[in-house]
Amino acid sequence: MSDGKFPESIEAVQQALAAHDYVAERGLATTIFLALRMRRPLFLEGEPGVGKTEVAKVLARMLRVPLIRLQCYEGLDVHTAVYEWNYARQLLEIRLAEASGQVDRNRLLAEIFSPDFLIARPLLQAVQQSRDGQAPVLLIDELDRSDEEFEAFLLELLSDFQISIPELGTVRAEVPPVVVITSNRTREIHDALKRRCLYYWVEYPSFEKELAIVRRRVPGLAEQLARQVVAFVQALRREDLYKPPGVAETLDWAEALLALDRSELDAATVSETLGALLKYRDDVELVQRPEVQARLLETARARGA
Ligand SMILES: Nc1ncnc2c1ncn2[C@@H]1O[C@H](COP(=O)(O)OP(=O)(O)O)[C@@H](O)[C@H]1O
Ligand SMILES: [Mg+2]
């Protein structure tokens with residue numbers, strides 16, 4: 001799969017992702033395949049830690065193109081996301097021109113509003129770099145954190161991939177970049193934006209999927225322990241937790257157990273290492289309760305056998 005060539009089938013997508021240690025079920029692989037084929041943005045929604053951001057990173061590696069990332073947050077404005085003029089440099093240029101005593105106002109203005117003084121932020125970078133055969137992956141991460149004004153701007157950008165800079169003119173992408181938008185769903189994203197995209201809800205992984213992830217990412221872990229770890233985490237997610245563990249936590253825990261050279265889960269080991277898995281005191285307390293822990297361990301051992 002050389003530059004700019006997208007995989008030819010859903011299976012090829014699944015294999016290429018796996019080759020980069022990303023495990024995708026058929027539904028996700030299908031949506032990714034279609035997003036690439038139809039050149040439509042991919043919209044991934046789901047709980048934190050289920051592997052949404054990782055899709056963009058892996059796609060960039062798989063397609064051998066740059067990854068351009070825009071992390072969203074409350075108050076993110078168009079300047080930070082698209083472009084800014086380099087005011088400090090512009091001022092300096094004006095001072096220097098004044099000092100040299102020859103100020104041609106129009107020439108100076110043209111000079112300081114030229115591309116040399118422009119700072120391209122992620123969205124402009126993505127548009128500039130989207131040429132046939134070399135379209136980057138543009139990750140718009142955690143869009144639910146930005147405000148609706150920004151979302152409206154984004155909707156416009158996603159429809160034509162052009163950015164107009166009053167002083168310079170319009171910059172157009174030759175081809176659409178590979179866009180991945182993620183949301184942890186702390187608020188709903190507008191239908192209009194979703195309509196532009198191909199949508200996939202990323203679930204917490206099934207037992208088999210999570211086991212496959214652990215095997216790929218923590219290859220040193222004994223098979224039986226890997227099964228127990230995954231079964232434990234899966235059972236834990238069914239408890240009434242404030243913040244259920246994501247895949248990242250499963251992997252952290254697996255690595256911790258590997259570092260401790262454990263080969264089986266027991267009550268003491270669970271208690272000692274729970275901090276890799278749960279990050280809230282109430283959750284830790286719940287799982288430290290003997291009857292809860294015994295129940296979880298029993299489930300884990302049954303599946304790990
Ligand atoms: N399907 C998967 N295959 C391989 N690794 C995964 C998978 N899902 C999640 N991970 C790992 O779990 C961690 C969290 O994933 P991330 O993409 O940051 O989650 P999200 O963006 O949904 O919060 C990453 O380190 C990633 O490598
Ligand atoms: Mg993320």
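Atoms within a ligand are numbered from 1 in the order they appear, just like the ligands themselves.
Those atoms of ligand 1 that come under 4.0 Å of a heavy atom in Gly51, given as number and element, are 8 (N), 9 (C), 15 (O), 16 (P), 17 (O), 19 (O), 20 (P), 22 (O). Less than 4.0 angstrom separates some heavy atom of Pro48 from each of these atoms of ligand 1: 23 (O). The ligand atoms of ligand 1 that sit less than 4.0 angstrom from a heavy atom of Ala248 are 12 (O), 13 (C), 14 (C).
At least one heavy atom of Asp21 sits less than 4.0 Å from an atom of ligand 1.
Taking the ring centre of Phe117 as origin, the terminal cationic atom of Arg89 falls inside the region bounded by 6.0 Å and 45° from the ring axis. For the pair Arg303 and Phe207, the cation sits on the ring face: its NZ or CZ lies under 6.0 Å from the ring centre, inside 45° of the axis.
For the pair Gly49 and ligand 1, the shortest N or O to N or O distance falls below 3.5 Å. In terms of polar-atom proximity, Asn184 is not counted as a contact of ligand 1, lacking any N or O under 3.5 Å from an N or O of the ligand. An N or O contact shorter than 3.5 Å is missing between Leu251 and ligand 1 by distance. In terms of polar-atom proximity, Val50 is counted as a contact of ligand 1, with an N or O under 3.5 Å from an N or O of the ligand.
The heavy atom nearest to atom 5 (N) of ligand 1, out of those in Lys209, Arg217, Lys52, Glu54, is found in Arg217.
Residue Glu11 qualifies as enclosed at atom CD: its count of foreign heavy atoms under 6.0 Å is above 12. Sparse packing is recorded around CZ of Arg107, with 12 or fewer heavy atoms of other residues, nucleotides or ligands lying under 6.0 Å away.
Given atom 10 (N) of ligand 1, the protein heavy atom at minimum distance is Val247 CG1, 3.7 Å.
In summary, Glu210 and Arg217 do not engage in a salt bridge, as defined by a charged side-chain N under 4.0 Å from a carboxylate O.
Of all the heavy atoms in Ser130 and Pro176, the pair that sits closest is OG-C, 4.4 Å.
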